[in-house]
Amino acid sequence: MQGRRMLAVLGAAAMTALSLASCSSASGQGGGTVLRVAFNQDANHPQAKALQEMSDELKAQTDGRYSLQLYTDATLGDQAATIEQVQSGTIDFAVVAGSLLENFESDFSVVNLPYLYESPEHQMKVLNDPAVTGPLYDTLKDDNLQVLTAYHGGVRNVYSTAGPVTKPADLNGQKVRVIGSDTNVRMMERMGGVGTPMAQGEVYTAIQSGVLDGAENNELIYSSLSHDEIAPFYSRTEHLMMPDYLVTSPSVWDRISEEDRKIFEKLFSTSVDTELKLFGTAVDEAVTAAEKAGAKFSDADVTAFREAALPLHKDLVKSDLAKKVYDAIEAARG
């Protein structure tokens, strides 16, 4: 089933890429501009729902001048590929994991650190405050990228084929899939495992075949990608609250009038709140579904994992910019 789904996604991706190759933004039937958005999860994901709701409101508030068209289920490729398509102008927007932006500007590691945020609300408050993160986001413009807003990407936990992970020693020797960034690899090493970067679409087969012992992600991804079938032990290490970003290129954003950009910005803010509320409900539903599929959820010694991972903060917060962002995030606690 997993293999058939991947073949269908790859086929759709190839056909969609061909159809988008000649242009990016398209004109709708009413003459408005349809901005194409790449998204690697399904249409029921809280971010997809929030963006669809935003599209409806955007079309209404701009009198049909703008709307969004979501390409879900990674039909435009994995997230790294969609970043390249945004840079080249093939597509307009993409939702991507925060750690991938470290590959362009190393200072982005400061907002992807383990055990950095005390709550999803704290995370969204600081990451969408231009006074805190504006200078960091501006560093991407030389790479022809621009952050439009940050979304909560869930609380990431470890899941394994070997059994519950209650303490760092339990991960000894286990190969755990992480998103491709130096920060994530080093984080997993400090937590006791072997961080193994891999594209999301390859993870199911890698765990099933024994190439990987497990992975780390939030409950939504764990359930929706059927990883509960092959790695049934889900342990709440609560090690990472990594943001997702809606990104575009400066050239796309600059083509939008100042009046309409203000409408976009207001709706981005609303969509962040909407997504955060939807995420909590979706997590409860995902846990129930995973348990029905045979998954076993358990608590971990979060204090032990936090103590193991915290030295990364000192190791990675080096530049003046990173220190300013880190201090502002810390000051916003409570």
Side-chain angles (χ1 to χ4, degrees), residues 78-80 96-118 123 153-219 221-222 225 227 230-231 233-244 298-319 322-323 325-326 329-330:
D78 63 26
Q79 291 186 347
V96 300
S99 62
L100 292 178
L101 299 184
E102 294 179 36
N103 298 321
F104 299 92
E105 299 295 335
S106 60
D107 280 338
F108 264 83
S109 63
V110 70
V111 292
N112 300 326
L113 293 169
Y115 299 107
L116 178 64
Y117 308 104
E118 66 178 7
Q123 181 193 41
V155 180
R156 297 174 80 97
N157 302 282
V158 169
Y159 49 94
S160 173
T161 61
V165 175
T166 62
K167 56 188 181 300
D170 293 336
L171 281 175
N172 185 34
Q174 289 199 42
K175 293 182 180 179
V176 180
R177 182 266 179 176
V178 296
I179 291 179
S181 81
D182 180 64
T183 300
N184 283 357
V185 171
R186 293 174 65 180
M187 172 196 71
M188 188 51 60
E189 288 174 351
R190 295 204 64 89
M191 290 173 61
V194 180
T196 307
M198 185 178 292
Q200 185 66 272
E202 302 172 12
V203 176
Y204 185 99
T205 301
I207 295 176
Q208 188 179 45
S209 64
V211 172
L212 291 175
D213 298 296
E216 54 85 43
N217 218 313
N218 63 63
E219 297 90 342
I221 305 302
Y222 178 63
L225 295 186
H227 290 181
I230 51 171
F233 300 99
Y234 191 97
S235 304
R236 295 187 177 92
T237 51
E238 301 178 358
H239 57 272
L240 195 60
M241 202 180 295
M242 191 173 63
D244 291 320
S298 60
D299 293 330
D301 186 346
V302 173
T303 299
F305 281 105
R306 181 185 292 112
E307 290 176 352
L310 278 181
L312 270 182
H313 291 211
K314 183 177 180 180
D315 292 346
L316 296 175
V317 181
K318 294 291 188 182
S319 72
K323 290 176 181 176
V325 173
Y326 182 84
I329 291 173
E330 287 292 300

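Being a predicted model, the structure only gives us computed values, none of them experimental.
Looking only at atom types and distance, the side chain of S319 has a donor-acceptor partner in the side chain of D107 under 3.5 Å away.
For the pair E105 (side chain) and L101 (backbone), a donor-acceptor distance under 3.5 Å is absent. The main-chain N or O of L225 is never found under 3.5 Å from a side-chain atom of Y204 such that the two would form a donor-acceptor pair. Listed for the T196 side chain is a donor-acceptor partner under 3.5 Å among the backbone atoms of V194. A donor-acceptor distance shorter than 3.5 angstrom exists from the side chain of Q79 to the backbone of A97, with no hydrogens or angles considered. Panel note: side chain R190, backbone A308; a donor-acceptor pair is recorded below 3.5 Å. With hydrogens and angles disregarded, no donor-acceptor distance shorter than 3.5 Å links the side chain of D301 to the backbone of T166. In this structure, the side chain of N103 engages the main chain of L100 through a donor-acceptor pair within 3.5 Å.
Side-chain atoms of I329 and Y117, non-hydrogen and from C-beta on, do get closer than 4.5 Å to each other. When side chains are defined from C-beta on, D299 does not count as touching P164, because their heavy atoms never get closer than 4.5 Å.
Taking a cutoff of 4.0 Å between a charged side-chain nitrogen and a carboxylate oxygen, D213 and K175 do not qualify as a salt bridge.
Between atom NE2 of residue H239 and atom CE of residue M188 there is a gap of 5.0 Å, rounded to the nearest 0.5 Å.
Tested against Y326 for a side chain to side chain contact (heavy atoms under 4.5 Å, CB included), the candidates V111, L316, V110 yield a single pass: V110.
Under the 30°/60° scheme for interplanar angles, the aromatic rings of H227 and Y159 are found to be tilted.
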